[in-house]
Amino acid sequence: MSVESVHTSARPLRVAIIGSGPAGVYAADILTKSQGVKDGEVQVSIDLFERYPAPYGLIRYGVAPDHPRIKGIVNALHKVLDRGDIRFFGNVHFGQDVSLEDLQKHYDAVIFATGAIKDAELNIPGIDLKGSFGGADFVSWYDGHPDVPRDWPLEAREIAVIGNGNVALDVARVLSKHADDLLVTEIPDNVYEGLKKSPVTDVHVFGRRGPAQVKFTPLELRELSHSRDVDIVLYPEDFDFDEASDEAIKTNNQVKTMVNTLTNWLVEEAHEGEDAASRRLHLHFLHSPVEILEDPERPGHVGGIRFERMELDGTGNARGTGEYLDYPVQAVYRAIGYFGSPLPGLEFDERRGVLKNDGGRVLGADGAPVPGVYATGWIKRGPVGLIGHTKGDALETIGYLLEDRLQLPAAVEPSEDAVVTLLEERGVEYTTWEGWNRLDAHELALGAEATANGGSHGVSIARERVKVVPREEMVSISRGQ
Ligand code: NAP
């Protein structure tokens, strides 16, 4: 690398971050704060690119609408972007509107924080039948993601949800809740209308290991019992604890709390007669999915699901017993984890669903770091961990970027205007932070209007926000058109 091609401290470091979910915003915040302003000079200038017209990634399009606790995180992210020292460009699709080459021309460093939005695959017979869905796709639908169809087929009375993580609980809770009880949230109208028509009576959640090996968390578990007119049903034969389970219960408070909650629910008397709820949420353990069964009366459609009964092997893992159990269901949702998507021009680890990287330094085909290219969040370490964990990730990635600072290949067109010109020349209808504030205000106004009219859909309820779903509408409101 020639001396002229290396970024020097004569001008602010120009950094592009791709993805404005928590990972991207935390990285931007840490970088801005760690560099700050020295001797009155701004040291770093960051542009945050987002594929959707609105910011916040997973917070807007991955968190269940009935999780208001998450609002605290939105407020924190809003504060960072509202300071005015980080520019936001929404509705810019990396790989279509801008390439890695474009970014390398305009920035000294590029950080990918694109997360993971696809469902991990489950290769069992019947997975392609009609009525077999990815949990992440369903999450995108109920969160009003602009790029998924507006209608979701909710025709099943009995539903299986595979997986024992928080996404499985989100999916099962939304599927089993009465739609009217979700109206208080920001769910879009098409989602309310879809859920309102659902004939569901029973949602079955299946974990392949035992109650002490669940991946969900205590608050999310307890929340299941707060749904009106939904009974929780558990099965004594699923309550198996091996040595590793006992150890986990002894040493891990979260596991202990969840096992206690589940055991208390198990011994509670079932509601009967008039007390019985009209919907049930069943929690099954030690069930490993084997095959999704076709409905003989509706060829091509899900009619049931077959599991192998599992037993714990002493280490907390499960092994098959050779006993098979069939359940009649008309829909199956797999919630067995997310998976990252490859990004054009970058090496992808197909097994883990992440960009090939070493602690956040993105690696090239030769296994060596690509100068000036970094990753953070789920696209760096895979789709595990709560939102707060991405802060640690960002710290590590930014640490490496700063360590590399004097060897970064300098941008040839680093001016802040050059990238705006590029987007405009390409006819990209990008949105800005001011534009997001306009769309945000519009969504809040829709909520206020519904509240002033006494509610919506004939239900008297106060609505804080109503999400705008179609991309064109989001863009035109943001751009004040
Ligand atoms: P996850 O926590 O990794 O859970 C995946 C579940 O799928 C596990 O129970 C796993 O079982 C099971 N599984 C994997 N492969 C399977 C297979 N072939 N057959 C049957 N079961 C299989 O993933 P997630 O639920 O997608 O959540 C991703 C992350 O987002 C997690 O960190 C989660 O806590 C977080 N999240 C948090 C919230 C919240 O805080 N409210 C909401 C949503 C998501 P094994 O354990 O046996 O592998």
Side-chain angles (χ1 to χ4, degrees), residues 21-23 57-73 115-127 132 134-140 142-143 160-174 204-224 226 242 244-245 248 254-255 258 283-292 305-313 315-320 332-340 351-354 377-379 381-390 392-393:
L58 174 93
I59 305 276
R60 187 171 162 100
Y61 293 124
V63 171
D66 55 348
H67 270 172
R69 279 186 299 120
I70 229 71
K71 287 217 175 87
I73 299 180
I117 192 161
K118 277 196 331 195
D119 283 285
E121 286 186 9
L122 178 64
N123 289 320
I124 56 172
I127 196 74
S132 162
D137 289 341
F138 182 59
V139 171
S140 292
Y142 67 56
D143 273 341
V161 178
I162 304 172
N164 259 180
N166 280 324
V167 173
L169 293 193
D170 280 351
V171 165
R173 199 180 61 253
V174 172
H204 298 262
V205 180
F206 294 95
R208 62 180 169 183
R209 296 190 285 153
Q213 284 79 37
V214 295
K215 289 266 178 73
F216 39 75
T217 37
L219 269 175
E220 283 61 30
L221 175 64
R222 254 183 266 134
E223 203 182 347
L224 290 186
H226 302 159
D242 62 355
S245 307
Q254 286 214 355
V255 174
M258 288 189 290
L283 297 175
H284 305 263
F285 304 102
L286 297 166
H287 280 66
S288 182
V290 173
E291 182 177 357
I292 301 178
I305 182 161
R306 175 166 301 156
F307 291 94
E308 182 171 10
R309 155 83 52 203
M310 308 298 280
E311 63 186 9
L312 294 173
D313 68 359
T315 68
N317 284 319
R319 61 181 167 226
V332 174
Y333 289 73
R334 63 178 192 283
I336 59 164
Y338 281 88
F339 203 75
R351 198 181 53 80
R352 297 180 53 225
V354 298
W378 277 7
I379 198 64
R381 71 181 150 86
V384 283
L386 300 179
I387 290 163
H389 296 159
T390 43
D393 252 1

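Counting starts at 1 for both ligands and their atoms, following the listed order. This chain uses plain numbering: 1 for the first residue, then up along the sequence.
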Between [options], which one has a non-hydrogen atom sitting closest to [atom]?
| atom | options | value |
| --- | --- | --- |
| atom 26 (O) of ligand 1 | Val167, Ile336, Thr217, Ile387 | Val167 |
| atom 1 (P) of ligand 1 | Ala116, Gly165, Ala318, Ala120 | Gly165 |
| atom 43 (C) of ligand 1 | Asn123, Val63, Asp170, Val139 | Asp170 |
| atom 40 (O) of ligand 1 | His287, Glu223, Glu220 | Glu220 |

Give the atoms of ligand 1, by number and element, whose distance to some non-hydrogen atom of [X] is under 4.0 Å.
| X | value |
| --- | --- |
| Lys215 | 2 (O), 4 (O), 8 (C), 9 (O), 45 (P), 46 (O), 48 (O) |
| Leu386 | 34 (O), 37 (C), 40 (O) |
| Pro289 | 19 (N), 20 (C) |
| Gly163 | 7 (O) |
| Trp378 | 29 (C), 30 (O) |
| His67 | 41 (N) |
| Arg209 | 45 (P), 46 (O), 47 (O) |
| Pro383 | 28 (C), 29 (C) |

Looking at ligand 1, does any of its N/O atoms fall within less than 3.5 Å of an N/O of Ala168?
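Looking only at distances, the answer is no, because the N/O contact criterion of under 3.5 Å is not met.
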Does an N or O from Gln213, backbone or side chain, lie closer than 3.5 Å to an N or O of ligand 1?
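Not met; the criterion fails.
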Determine, using heavy atoms of Gly337 and all atoms of ligand 1, whether some pair is separated by less than 4.0 Å.
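It does; at least one heavy atom falls under 4.0 Å.
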Could you go through Asp137 and Ser140, starting from their C-alpha distance and side-chain angles, then the distance that decides it, and tell me whether this counts as side-chain hydrogen bond (donor to acceptor under 3.5 Å, both in side chains)?
CA-CA 5 Å; Asp137 289 341; Ser140 292; 5.3 Å; no
Taking the side chain from Arg334 and the backbone from Ala120, do they hold a donor-acceptor pair closer than 3.5 Å?
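Such a contact is found between Arg334 side chain and Ala120 backbone.
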Between Ile117 and Ala136, what is the shortest heavy-atom contact and its length?
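In terms of heavy atoms, the two residues are closest at O-CB, 3.4 Å.
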Give the C-alpha distance, both sets of side-chain angles, the deciding distance and a yes or no for side-chain hydrogen bond (donor to acceptor under 3.5 Å, both in side chains) between His67 and Glu223.
CA-CA 10 Å; His67 270 172; Glu223 203 182 347; 2.7 Å; yes
From [atom1] ([X]) to [atom2] ([Y]), nearest 0.5 Å:
| X | Y | atom1 | atom2 | value |
| --- | --- | --- | --- | --- |
| Asp143 | Phe138 | CG | CZ | 10.0 Å |
| His204 | Ile162 | NE2 | CD1 | 13.0 Å |
| Tyr142 | Asp170 | OH | CG | 4.5 Å |
| Ile336 | Arg208 | CD1 | CZ | 7.5 Å |

Is any side-chain heavy atom of Leu386 less than 4.5 Å from a side-chain heavy atom of Asn166?
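Yes, their side chains come closer than 4.5 Å.
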Do the rings of His287 and Phe307 sit parallel, tilted or perpendicular, given the 30° and 60° boundaries?
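Plane angle over 60°, so perpendicular.
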Side chain, backbone, both or neither: which part of Val214 comes within less than 4.0 Å of ligand 1 when only heavy atoms are counted?
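It is neither part, as no heavy atom is under 4.0 Å.
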